[in-house]
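Shown below is the structure under consideration.
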Amino acid sequence: MSSRAFKNKGGLSLHFCVLICLSFVQILVVVPNSYASESHRDTVLVNGQILRITASVVIDTVSAEIKKTPFWNWMDDADFMAYSRVGAEIGAKQVEGNDFYRVKDNSNFGEVGFGVCHPYKESFQLYYTGGVSLGIGKKFYENEVDLNAIGFNWTDGELIQIITVLDPLQNELDTLSAPIHNRPLFKLSLGSEWHGVMRGARGWVWGGQIEWFPLKSERAFLYRAPDNPNAWDNVLWDSTFDLVKDETNSFQFRAYTSWSPWNFSWFIKAEICWSPNVTSSAVSLGYIW
């Protein structure tokens, strides 16, 4: 009887364990399939088979660096400036003695310009520069001299031409404005400069440039009219002036030093300009960015 009880007890336990295992397997297989069949999803069939696509997504929290062209790399390192300049020729007078007058074709009304500077390779102190500037100067137009002109005179700060008016008794004198007009003066520049400190605090800057005039300026010498009325009839209009082209040059050298406060965009510049025949000085005020 003892053995029977043990047998029945052991057989019941084994049967119970088998049922539990089968139920667990059924749950693992049937329930996911049932859930998948009831869930709503789009399917793509290829030759009767469901096409399953697995995507691998990688999220990069660091944005990729944009590669710049050489031009934009150059622009990032360049400094641009705009300025206004006023100056005067050194040692030259417009009225020279009592014999002639001197018309100077230079920037009497100042000039404005635009420039750019860029460091040499990796240097932060040595720069190369270039720019353009435009000014207004006085020019003598010889083709506008009156055919009856016998000379020029300086009256009340103005140059006038003296002309003769025919008269049966004696020629009389009259005056006209001298043919002197303003004209634009354009020039190009190229040079180098040294920055005393880093770009963020420019401070003192020293430099030099070669400037070129595409249209070279000129000098005009205008002679006085004869005091003797008997000589008036013998004066030819084209003998009342001389154009001296070798007194000016197409190229000139400009040396300068500029200063701006710490990390400040405005600057002031003192300049001296030299050519074989002309020396001038100037002051510029500009803005750099």
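Values below: all heavy atoms of this structure, side chains included; hydrogens, waters and symmetry mates excluded.
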message: Count I, L, V, M, F, W, Y as connected when their side-chain heavy atoms are under 4.5 Å apart, and connections chain through other members. Are L243 and W237 then in the same cluster?
response: yes
- request: Take L285 and Y83, measure what side chain to side chain contact (heavy atoms under 4.5 Å, CB included) needs, and give me the verdict at the end.
  value: CA-CA 6 Å; L285 178 64; Y83 59 87; over 6 Å; no
- prompt: When hydrophobic residues are tied together by side-chain contacts of less than 4.5 Å, even through go-betweens, does W274 share a cluster with V283?
  reply: no
query: Rounded to the nearest 0.5 Å, how far apart are CD1 of I288 and OG of S260?
result: 7.5 Å
query: If you round to the nearest 0.5 Å, how far is OG of S189 from CZ of F251?
result: 12.5 Å
message: Nearest 0.5 angstrom please: L134 CG to L185 CG, how far?
response: 8.0 Å
message: Between L222 and V145, is there shared hydrophobic-cluster membership here, with clusters defined by ILVMFWY side-chain heavy atoms closer than 4.5 Å?
response: yes
- prompt: Can you name the residues that form a side-chain contact (heavy atoms from CB on, under 4.5 Å) with S177, not counting sequence neighbours?
  reply: E158
- prompt: Among all residues two or more places apart in sequence or in another chain, which pass the side-chain contact (heavy atoms from CB on, under 4.5 Å) test with W206?
  reply: W194, W204, T257
S239 versus Y223, closest heavy-atom pair with distance: O-CD1, 3.9 Å
query: Looking at the rings of H118 and Y127, which for Trp means the six-membered one, are their centres under 6.0 Å apart?
result: no
message: Return the OG to CD distance between S250 and E211, rounded to the nearest 0.5 Å.
response: 12.5 Å
query: With a 4.5 Å heavy-atom cut-off, do I210 and L190 have their side chains touching?
result: no
statement: Interatomic distance, CG@L236 vs CG@N148, rounded to 0.5 Å, equals 11.5 Å
message: Side chains of Y120 and Y128, heavy atoms from C-beta outward: is any pair under 4.5 Å?
response: yes
- line: When every non-hydrogen atom of S192 is compared with those of Y256, the smallest separation belongs to O-OH, 4.1 Å
field: Residue pair N182 / K138, side-chain heavy-atom distance below 4.5 Å
entry: yes
query: At what distance, to the nearest 0.5 angstrom, does CD of Q252 lie from CD of Q209?
result: 10.5 Å
- prompt: Would L173 end up clustered with V235 when hydrophobic side chains under 4.5 Å apart are linked, directly or stepwise?
  reply: yes
Sub-4.5 Å side-chain heavy-atom contact between E271 and S281: no
Any P276 side-chain heavy atom under 4.5 Å of N249 side chain: yes
message: Can you give me the closest heavy-atom contact between K216 and R183, atom names plus distance?
response: O-NH2, 3.7 Å
message: In the structure I gave you, are the side-chain heavy atoms of N153 and R224 within less than 4.5 Å of one another anywhere?
response: yes
message: When you compare the side chain of F267 with that of M81, does any pair of heavy atoms fall below 4.5 Å?
response: yes
- request: Classify the side-chain pair T175/Q161 by whether it contains a donor and acceptor separated by less than 3.5 Å.
  value: no
statement: Scanning both residues in full, the closest heavy-atom pair of A220 with F140 reads CB-CB, 3.6 Å
- line: Between W266 and G286, the two heavy atoms sitting closest are CE3-O, 3.2 Å
Closest contact, heavy atoms only, W212 versus P214: O-CD, 3.4 Å
- request: Could you list the residues that satisfy ring-ring contact (aromatic ring centres under 6.0 Å, His included) with F114, not counting sequence neighbours?
  value: none
message: Can you confirm whether L215 is buried at CG, in the sense that more than 12 heavy atoms of other residues, nucleotides or ligands lie under 6.0 Å from that atom?
response: no
field: N228 atom CG: more than 12 heavy-atom contacts under 6.0 Å
entry: yes
query: Quick one: are I162 and I160 in side-chain contact, heavy atoms under 4.5 Å?
result: yes
query: Honestly curious: do L159 and F241 fall in one hydrophobic cluster under the side-chain, below-4.5 Å linking rule?
result: yes
- prompt: Do you see a donor-acceptor pair shorter than 3.5 Å between the side chains of S84 and E111?
  reply: no
